[in-house]
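Letters go in sequence order (proteins before strands), and every chain restarts at 1.
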There are 2 protein chains.
Amino acid sequence: MALKTTKQPSRSEIQLPVVLHALGDPIRLEILRQIDAEDKKECGTFNLEMPKSSLSHHFRVLREAGVIGTRPNGTALINWLRTDDLDDLFPGLLSSVLQGIRKPSKRSPAKRNRRARLQPKSLL
Amino acid sequence: MALKTTKQPSRSEIQLPVVLHALGDPIRLEILRQIDAEDKKECGTFNLEMPKSSLSHHFRVLREAGVIGTRPNGTALINWLRTDDLDDLFPGLLSSVLQGIRKPSKRSPAKRNRRARLQPKSLL
DNA sequence: CTTATTGTTCGACAATTCTCGAACAATATA
DNA sequence: TATATTGTTCGAGAATTGTCGAACAATAAG
């Protein structure tokens, strides 16, 4: 993978709207939940039913928002939550989000496969 | 205005991803900041440079996410933060977001007028 | 009843985001 | 060197979101 994959914003570059936007997606929240459950996690080990390119897209959004950090480990990439940075910048935000996604609830699966809904327009 | 404008999700219908998504926009965060500063606020009194229809769009997103409540007051509409509901569902979330947007920072103005960037393709 | 005020909705258009197959790229292994 | 593994990027297409003028709608005032 490219070295630029591990490039991430410094603490001072992290912006609240961007962080909230990155978190405003059920799939990315599930990624957060799984990382939080293991402290750090390799890309290939997430329990998410979707193509690699889709997952890469979401990892990139989280990384560029400054929510996760990434570093290589051989051919794999390890992700972790930037808890210290986020707690320093927005005290209480990350913990309340994590608490909110740990709750047992009737939420739909984190998978949001839009393409699955595709069908020829003639059927509409 | 229509009665359905004041229709909003009940506490049990509020979902974290939708709330975070609604907050992941600088204009809507500024709306929150101004409501928070005055406890409740009429639509027409916000210090935001944008057409009414654009503002209505953002009010609708915040309302449907369950972040704000709305009720009519003559021809005007009054908005307030659903602090009790949000604190009960996601303790600490709202206060940390509000703390994050109160900070004096070099953030760009809340106005994000995309159309202002429009220009004939021939100039590109 | 007419006019004013506030705010919404409609519809069109632009911008952004999401999805994913295929190709690419870095590292590790044989 | 060739192959395997992991993950990215590209590019196309679809879906979603944002913007805003014009028209609409409810309430209030004259």
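Ranked by how close their nearest DNA chain C nucleotide is to the 5' end, A:V61 and A:N73 are led by A:V61.
Contact annotation: A:T75 side-chain N/O to C:dA28 OP1/OP2 distance is not under 4.0 Å. At the phosphate of C:dT19, neither OP1 nor OP2 sits under 4.0 Å from any side-chain N or O atom of A:H57. In terms of phosphate contacts, B:H21 brings no side-chain nitrogen or oxygen within less than 4.0 Å of OP1 or OP2 of C:dT17. When the side-chain nitrogen and oxygen atoms of A:R60 are compared with OP1 and OP2 of D:dG7, none of them lie within a distance under 4.0 Å.
Following rounding to the nearest Å, B:F46 (CZ) and C:dG7 (C1') show an atom-to-atom distance of 13 Å. A:R71 places its CZ atom 16 Å from the C1' atom of C:dA26, with the value rounded to the nearest Å. In this structure, the CG atom of B:L77 is 11 Å from the C1' atom of D:dT27, given to the nearest Å. Atom NZ in B:K7 sits about 19 Å away from atom C1' in C:dG7, given to the nearest Å. What separates CE of A:M50 from P of C:dT19 is a distance of 4 Å, to the nearest Å. Between B:E42 atom CD and D:dA26 atom C1' there is a gap of 15 Å when expressed in whole angstrom units. The distance between atom CG of B:L62 and atom P of C:dG7, rounded to the nearest whole Å, is 15 Å. To the nearest angstrom, P of D:dG21 lies 12 Å from CG of B:L55.
Not a single donor-acceptor pair, N or O on each side, falls under 3.5 Å between the base of D:dG18 and the side chain of B:S54.
The CG atom of B:L93 sits 9.5 Å away from the CG atom of A:L23 when rounded to the nearest 0.5 Å. Annotation: the span from B:D36 atom CG to B:S95 atom OG amounts to 10.0 Å, rounded to 0.5 Å.
Considering only side-chain atoms of B:C43, the nucleotide from C:dT19, C:dG7, D:dG7 that sits closest is C:dG7. When distances are taken from the side chain of B:S53 to each of C:dC18, D:dT19, C:dT9, the shortest belongs to C:dT9. With distances taken from any side-chain atom of B:A76 to the nucleotides C:dG7, D:dG18, C:dC18, the minimum falls on C:dG7. Distances from the side chain of B:K52 to the nucleotides C:dC20, D:dC20, C:dG7 place C:dG7 closest.
Formation of a donor-acceptor pair under 3.5 Å by the A:Q99 side chain with backbone atoms of B:P91 is not found in this model. A donor-acceptor pair under 3.5 Å links the side-chain atoms of A:D25 to the main chain of A:R28, judged by distance alone.
B:E13 and B:S10 share a donor-acceptor pair across their side chains, judged by distance under 3.5 Å alone.
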